[in-house]
Amino acid sequence: PTGAAIHDMLNVLNRRFTNLEILIYPVRVQGEGAAAEIAQAIRDFNRYREVDVLIVGRGGGSLEDLWAFNEEEMARAIYNSKIPVISAVGHEVDYTIADFVADLRAPTPSAAAELVVKSKVELAAQVDNLSRRLVHGVQRRMQEVRGELNSLSRALKEPTMLLGHLGQRVDDLAGRLERVRQVAMTQRRERLAAMVAQLHMRNPALAVERSRERLLAVTGRMNMAIRRLLDRAHEQSVVSAAKLQALSPLSTLGRGYSIARRMPLGEIVTDSAKIETGDRLELTFHHGRAFCRVEEKL
């Protein structure tokens, strides 16, 4: 900030908190190279790491005077800062790019100083208020502890009464324990009976007997199915044999026909045009065969 702006901020800070530690990094705030110096100062403070907040700004001026706070290098330094940055450039009506990348914008450097710290008087008032609340809380807790101690003291004055209460509680607990035991025993008996019943149902002998009955039933059904298949096969074989007998050449030969084959190749002769005089023929009858020679063809 400019000298006047620094003077105003220091006055505000000293008025609000006199023993506040302040670090000032003097840089050019206008003209060539001002943006680079501002950016370097921000980076140096981030490397220092002993600063809680940064105020970046200057007093009022023309647009050209404030132009350093519109430079990209300065804007990127504010954006990348790990320390919170308050932008306090010019007057309330002045806006720069620094205002939009900073964590907070103050209308003037003096306003930034007021934003950055609370009044020491206000902080002292808050501390006093917290102190009173702490004292009241401690006093209230001490009263509660005294009340508890008094109650315990009154109870200790009559040990027989305390023992009576304890005995009654022991009897009550013993009765509850006995009821719980009875319920647990009953539940265990019921579970045991259920397990015995399940074990009986899963007896290997019963399972074998049921399997044998199922096997006998399946065997009976299988035998009946095989018998029906054999009967149908026998009926089909009888019908097929009758059809085969009807279509057999031997049946035809039995009615007086014969089969002629020309030798030596055994060709079946169905037409006299296929043989010549002198050909040797084999004749097959219903019973037996005969060989003959063709003497005349009609």
Pairs of donor and acceptor atoms involving the side chains of residues 62-75, under 3.5 Å and at least two apart or interchain, shall be tabulated with distances.
unit_1 : atom_1 : unit_2 : atom_2 : d
Ser62  : OG     : Glu64  : OE1    : 3.4
Ser62  : OG     : Asp65  : N      : 3.3
Ser62  : OG     : Asp65  : OD2    : 3.1
Asp65  : OD2    : Ser62  : N      : 3.2
Trp67  : NE1    : Glu71  : OE2    : 3.4
Asn70  : OD1    : Ile97  : N      : 2.9
Glu72  : OE2    : Arg76  : NE     : 2.8
Glu72  : OE2    : Arg76  : NH2    : 3.1

Practice problem: Could you list the residues that satisfy salt bridge (charged side-chain N to carboxylate O under 4.0 Å, His left out) with Asp279, not counting sequence neighbours? | Solution: none
Self-check item: ILVMFWY cluster membership beyond Phe100 - transitive side-chain contacts under 4.5 angstrom
Solution: Tyr95
Quiz item: When you check the gap from the basic side-chain N to the acidic O, do Arg289 and Glu282 get nearer than 4.0 Å?
Solution: yes
Quiz item: So, are Glu235 and Arg232 salt-bridged, with charged N and O less than 4.0 Å apart?
Solution: no
Quiz item: Any side-chain donor paired with an acceptor under 3.5 Å for Asp44 and Gln40?
Solution: yes
Quiz item: Counting only N and O atoms by type, is there a donor-acceptor contact under 3.5 Å from the side chain of Asp99 to the main-chain atoms of Thr96?
Solution: yes
Exercise. Apply side chain to side chain donor-acceptor pair (under 3.5 Å) to Arg191 and list each qualifying residue two or more places apart in sequence or on a separate chain.
Key: none
Quiz item: When you check the gap from the basic side-chain N to the acidic O, do Glu178 and Arg181 get nearer than 4.0 Å?
Solution: yes
Practice problem: Tell me, with the steps shown, if Asp52 and Ile83 meet side chain to side chain contact (heavy atoms under 4.5 Å, CB included). | Solution: CA-CA 7 Å; Asp52 296 323; Ile83 303 172; over 6 Å; no
Quiz prompt | Enclosure of Arg176 CZ (heavy-atom neighbours >12, cutoff 6.0 Å) | solution = no
Quiz item: By side-chain contact (heavy atoms from CB on, under 4.5 Å), which residues pair with Thr186, not counting sequence neighbours?
Solution: Arg189, Glu190
Exercise. Kindly check if the number of other-residue, nucleotide or ligand heavy atoms within 6.0 Å of CE (Met222) is above 12?
Key: yes
Self-check item: Residue pairs involving residues 31-62 (criterion ring pair (Phe, Tyr, Trp, His ring centres under 6.0 Å); sequence neighbours excluded)
Solution: Tyr25-Phe45
Quiz item: Linking I/L/V/M/F/W/Y whenever their side-chain heavy atoms sit closer than 4.5 Å, directly or via other members, would Ile86 and Val93 fall into one cluster?
Solution: no
Quiz prompt | Worked verdict on Ser81 versus Leu54 for side chain to side chain contact (heavy atoms under 4.5 Å, CB included) | solution = CA-CA 9 Å; Ser81 175; Leu54 294 177; 4.2 Å; yes
